[in-house]
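Below you'll find the structure, written out as structure tokens, and then a few comments.
Counting from 1, the numbers follow the sequence of the chain as shown.
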Amino acid sequence: MNVHPCLDLIPETRPQRAYGHARLAVKPVNGRTRIATLYQEGCAKIRLPDRDDAALEAVMINTSGGLTGGDDMHWQFDAGNDCHAQITTQACERIYKASFSVAQVETTLSVGENASLAWLPQETILFERSALKRTLTARLAGTGRALIIEPVVFGRKAMGEDVQTCTFRDRWRIYLQDRLVHAEDFAIGPDTAAMLARPALLGGMRTMATILLLDHDAERHLEPARKIIGEKGGASAWSGKLLARLVDGDAYSLRKRLIPLIELLNQKAGVPKVWSI
């Protein structure tokens, strides 16, 4: 069979992949938190619902509708001195089957003096044969306050989804006055089902959430937090830091405990309206 010589000049085609980069910086204006910089590129969008109080709420939107292997997302949020903001997502982020490579999500947070930032994304849902590498870096000034949560779902029980194989890497680095105060690396897969069944991980559960509060008096919330968490998880507090882990059998049951925990730790701001169940 003769092959046309021009075919050698055609580059190998690759599936189209999603890319997004968004940055929001806020500043104080007459006692309220207002936009200083807003940048959006690709499928990463930020919307700012009206609020009655002095704080600012930002809603992240991935217009690609989910992530798969090769997708790349970058989020950056800077809360200036004396600012108060909370960041959430329009919906759960879905991580679909990857035909090659991994989806990557990089988040950078900055909190100034006498400022507070709550990082409150809705659940990340991992589907069968998905692959995700995620990093979160936060830098706080000495009097800054941060509440960071990340809920994860390994297949939706109500939809009959069982995740046997996937890859998930989650890396956190949190700095206070340029001093590393919290670091963790969570890695699971590719034999996900067997790993989730281990008592030291989820003990057969399919949802989990990590909650980190950095505040000068974080320890005072420890006992109320433990009452909300109950037996499916645990919490510790020391040196201005509260760390909690929750697990549950389905996303709805996890939310029923996670929402009151956010309300406890998020000062008077409560839970974003998009979290309504």
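When every heavy atom of Met205 is checked against every heavy atom of Gly249, the shortest pair comes out as SD-N, 3.5 Å. Ser110 approaches Leu117 most closely through the heavy-atom pair O-CD1, 4.2 Å. Closest of all the heavy-atom pairs between Leu126 and Val163 is O-CG2, 3.3 Å. In this structure, Arg134 and Val152 approach most closely via the heavy-atom pair NH2-CG2, 3.9 Å. Listed here is the closest heavy atom pair of Ile46 and Ala58: CG2-CB, 3.9 Å. When all heavy atoms of Pro272 and Leu120 are compared, the pair lying nearest together is CD-CD1, 3.7 Å.
The stretch residues 163-200 participates, sequence neighbours left out, in these ring-ring contact (aromatic ring centres under 6.0 Å, His included) pairs: Phe168-Phe186. Every pair passing salt bridge (Lys or Arg N to Asp or Glu O under 4.0 Å) that includes a residue from residues 62-88 is listed here, sequence neighbours excluded: Arg23-Asp78. Evaluation of the salt bridge (Lys or Arg N to Asp or Glu O under 4.0 Å) test over residues 88-112, restricted to residues two or more places apart or in two chains, returns none.
For the pair Leu243/Ser236, no side-chain contact is recorded, criterion being any heavy-atom separation below 4.5 Å from C-beta on. The shortest distance between side-chain heavy atoms of Ile95 and Leu67 falls below 4.5 Å. Between Val26 and Leu24, the closest side-chain pair of non-hydrogen atoms falls below 4.5 Å. Between Met208 and Arg245, every side-chain heavy-atom pair lies at or beyond the 4.5 Å cut-off. By the 4.5 Å heavy-atom criterion applied to side chains, Lys232 and Leu246 are not counted as neighbours. Looking only at side-chain heavy atoms (C-beta outward), Glu123 and Arg255 come within less than 4.5 Å of each other. Using a 4.5 Å heavy-atom cutoff, the side chains of Val59 and Pro49 are in contact. Proximity of Asp185 to Arg173: side-chain heavy atoms (C-beta onward) are separated by under 4.5 Å at one or more points.
Under the ring-ring contact (aromatic ring centres under 6.0 Å, His included) criterion, Tyr39 pairs with His21, not counting sequence neighbours. With sequence neighbours excluded, no residue forms a ring-ring contact (aromatic ring centres under 6.0 Å, His included) with Tyr19. Not counting sequence neighbours, the partners of Glu263 by the side-chain contact (heavy atoms from CB on, under 4.5 Å) test are Ile259, Pro260, Val271. Shown here are the side-chain hydrogen bond (donor to acceptor under 3.5 Å, both in side chains) partners of Lys27, two or more places apart in sequence or in another chain: there are none. Taking Ala138 as the reference, Leu109, Leu136, Leu140, Ile148, Ile174 meet the side-chain contact (heavy atoms from CB on, under 4.5 Å) condition, with sequence neighbours excluded. For Arg198, there are no side-chain hydrogen bond (donor to acceptor under 3.5 Å, both in side chains) partners at least two apart in sequence or on another chain. Here Ala131 pairs with Ala98, Val102, Thr167 under the side-chain contact (heavy atoms from CB on, under 4.5 Å) rule; sequence neighbours left out.
Hydrophobic cluster of Ile125: the remaining members, joined at side-chain heavy-atom separations below 4.5 Å, are Tyr96, Phe127, Val153, listed by chain and number.
A distance-only check finds a donor-acceptor pair linking the side chain of Asp250 to the backbone of Ser253 [under 3.5 Å]. Judged purely by atom type and a 3.5 angstrom limit, Asn81 has no side-chain atom pairing as donor or acceptor with the backbone of Gly112.
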Worked check of side-chain hydrogen bond (donor to acceptor under 3.5 Å, both in side chains) between Arg169 and Gln104: CA-CA 10 Å; Arg169 305 287 184 267; Gln104 298 194 64; over 6 Å; no
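Here the CZ-OG1 distance, from Phe154 to Thr207, works out to 9.5 Å after rounding to the nearest 0.5 Å. Rounding to the nearest 0.5 Å places SG of Cys166 at 10.0 Å from CG of Asp191. With rounding to the nearest 0.5 Å, the separation of CG in Leu202 from CD1 in Ile188 is 7.0 Å. The structure places OG1 of Thr89 at 11.0 Å from CD1 of Ile87, a figure rounded to the nearest 0.5 Å. Atom CG of residue Asn62 and atom NZ of residue Lys45 lie 10.5 Å apart, to the nearest 0.5 angstrom. Arg129 CZ to Thr68 OG1: the interatomic distance, rounded to the nearest 0.5 Å, is 10.5 Å.
A continuous path of ILVMFWY side-chain contacts below 4.5 Å connects Leu132 to Met60, so both sit in one hydrophobic cluster. At a threshold of 4.5 Å between side-chain heavy atoms, the hydrophobic network of Ile, Leu, Val, Met, Phe, Trp and Tyr places Ile228 and Trp275 in one connected group. Phe77 and Leu56 fall within a single hydrophobic cluster, where Ile, Leu, Val, Met, Phe, Trp and Tyr side chains are chained together by heavy-atom contacts under 4.5 Å.
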Let me check something: any side-chain donor-acceptor pairs from residues 211-219 under 3.5 Å, sequence neighbours excluded? List them with distances.
from, atom 1, to, atom 2, distance (Å)
Asp215, OD2, Arg145, NE, 2.7
Asp217, OD2, Arg220, NE, 2.6
Glu219, OE2, Ser239, N, 2.8
Glu219, OE2, Gly240, N, 2.8

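Under 4.0 Å is where a charged nitrogen must lie from a carboxylate oxygen, and between Lys273 and Glu57 no such pair does. With respect to Asp162 and Arg206, a salt bridge is recorded, a charged nitrogen being found less than 4.0 Å from a carboxylate O.
With hydrogens and angles left out, the side-chain atoms of Thr33 and His84 include no donor and acceptor closer than 3.5 Å. Checking Arg17 against Ser101 by side-chain atom types alone, no donor-acceptor pair falls below 3.5 Å.
Trp119 pairs in a side-chain contact (heavy atoms from CB on, under 4.5 Å) with only one of the listed residues (Thr107, Leu147, Ile149), which is Thr107.
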